[in-house]
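Reviewing the structure listed below.
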Amino acid sequence: MKKIVMMLMLMASVTAFAQQTQAEIKFDKTTHNFGKFSESNPVQTAIFTFTNTGTSPLIINSAMASCGCTVPTYTKTPIKPGEKGTVKVTYNGKGKFPGHFKKTVTLRTNAVVEMCRLYIEGDMEEAKETK
């Protein structure tokens with residue numbers, strides 16, 4: 001019985017220690033609105049800046065967009081506590097119907113909250129014909 005209690009206490013202390021030395025990701029903003037832009041200029045880019053507010057290095061394992069028209073790129077190297085990194089999200093509306101859009105980028109990290117989402121939206125207006 002003593003061994004079981006000791007094992008449980010050891011597991012609890014290891015878990016508590018692991019939680020104390022975790023990365024935490026904090027974004028300056030999680031949404032970006034491109035507003036109105038013309039179909040003749042369909043590529044739009046937003047940069048999301050984040051800080052590792054935790055106590056161990058932050059690693060972004062993956063970034064997946066909700067659509068092939070949206071491409072995320074991100075800081076690949078571990079971000080030390082207190083340092084900043086970026087996620088660049090590029091929307092390409094070429095060949096898409098004009099109008100309102102809203103896209104999501106899902107990040108998976110080693111942070112306390114392992115998954116977070118970024119959002120972009122805007123209104124692509126039909127290109128004006130020139131005569």
* Structure fact -> Shortest non-hydrogen pair, Arg117 vs Thr30, comes out as O-CB, 3.9 Å
* Asked: Is the backbone of Thr104 close enough, under 3.5 Å, to the side chain of Ser66 for a donor and an acceptor to pair up by distance?
  -> yes
* **Separation of Glu83 CD from Thr51 OG1 (nearest 0.5 Å)** => 10.0 Å
* **Interatomic spacing from NZ in Lys80 to OG in Ser56 - rounded to 0.5 Å** => 13.0 Å
* To do: Evaluate the ring planes of Tyr91 and Phe101, with Trp represented by its six-membered ring, and classify them as parallel (under 30°), tilted (30 to 60°) or perpendicular (over 60°).
  => parallel
* Indicate yes or no: at least one non-hydrogen side-chain atom of Thr45 is less than 4.5 angstrom from one of Val89. => no
* Spatial distance of atom CG (Asn33) from atom CD (Gln44) [nearest 0.5 Å] -> 10.5 Å
* Asked: Do the side chains of Phe37 and Met124 get nearer than 4.5 Å, heavy atoms only?
  -> yes
* Closest contact, heavy atoms only, Val105 versus Pro72 -> CG1-CB, 3.8 Å
* Side-chain donor/acceptor of His32 to backbone N/O of Glu121, under 3.5 Å -> no
* Could you check Thr106 against Met115 for side-chain contact (heavy atoms from CB on, under 4.5 Å), going step by step and ending with a plain yes or no? => CA-CA 7 Å; Thr106 303; Met115 187 178 74; 3.5 Å; yes
* So, for Asn110 and Ala23, which heavy atoms are closest and what is the spacing to 0.1 Å? -> OD1-CB, 4.0 Å
* Asked: When rounded to the nearest 0.5 angstrom, what is the spacing between NZ in Lys96 and SG in Cys67?
  -> 4.5 Å
* Give a yes or no on whether the backbone of Lys88 and the side-chain of Thr86 come within a donor-acceptor separation of less than 3.5 Å. => no
* For Lys26 and Thr53, what are the C-alpha separation, side-chain angles and deciding distance, and is it a side-chain contact (heavy atoms from CB on, under 4.5 Å)? -> CA-CA 7 Å; Lys26 179 164 178 22; Thr53 59; 3.9 Å; yes
* Mark yes when over 12 heavy atoms from residues, nucleotides or ligands other than Lys29 sit less than 6.0 Å from its NZ; otherwise mark no. => yes
* Structure fact -> Rounded to the nearest 0.5 Å, the CG atom of Asp28 sits from the CD1 atom of Ile47 at a distance of 12.0 Å
* Without swapping roles, check the side chain of Thr75 against the backbone of Thr77 for a donor-acceptor pair under 3.5 Å. => no
* **N/O donor-acceptor pair under 3.5 Å between Glu39 side chain and Ala127 backbone** => yes
* **Least distance between heavy atoms, Ile120 atom then Ala46 atom** => CG2-CB, 4.4 Å
* Report the C-alpha distance between Phe50 and Leu58 in whole Å, list the side-chain angles of each, state the deciding distance to 0.1 Å, and finish with yes or no for side-chain contact (heavy atoms from CB on, under 4.5 Å). => CA-CA 11 Å; Phe50 62 87; Leu58 172 70; 3.5 Å; yes
* Asked: Where the side chain of Asn92 meets the backbone of Cys69, is there a donor-acceptor pair that is under 3.5 Å apart?
  -> no
* Asked: Nearest heavy-atom pair of Ser62 and Tyr74: which atoms, and what distance?
  -> CA-OH, 3.8 Å
* Asked: Phe34 ring centre to Lys36 NZ or CZ under 6.0 Å, with the angle to the axis within 45°?
  -> no
* Asked: Roughly how far, to the nearest 0.5 Å, is CD of Gln22 from OG1 of Thr55?
  -> 8.0 Å
* To do: Please examine the side chains of Phe27 and Leu118, heavy atoms only from C-beta on, and report whether any two atoms are closer than 4.5 Å.
  => yes
* Asked: So, for Ala63 and Leu107, which heavy atoms are closest and what is the spacing to 0.1 Å?
  -> CB-CD2, 3.3 Å
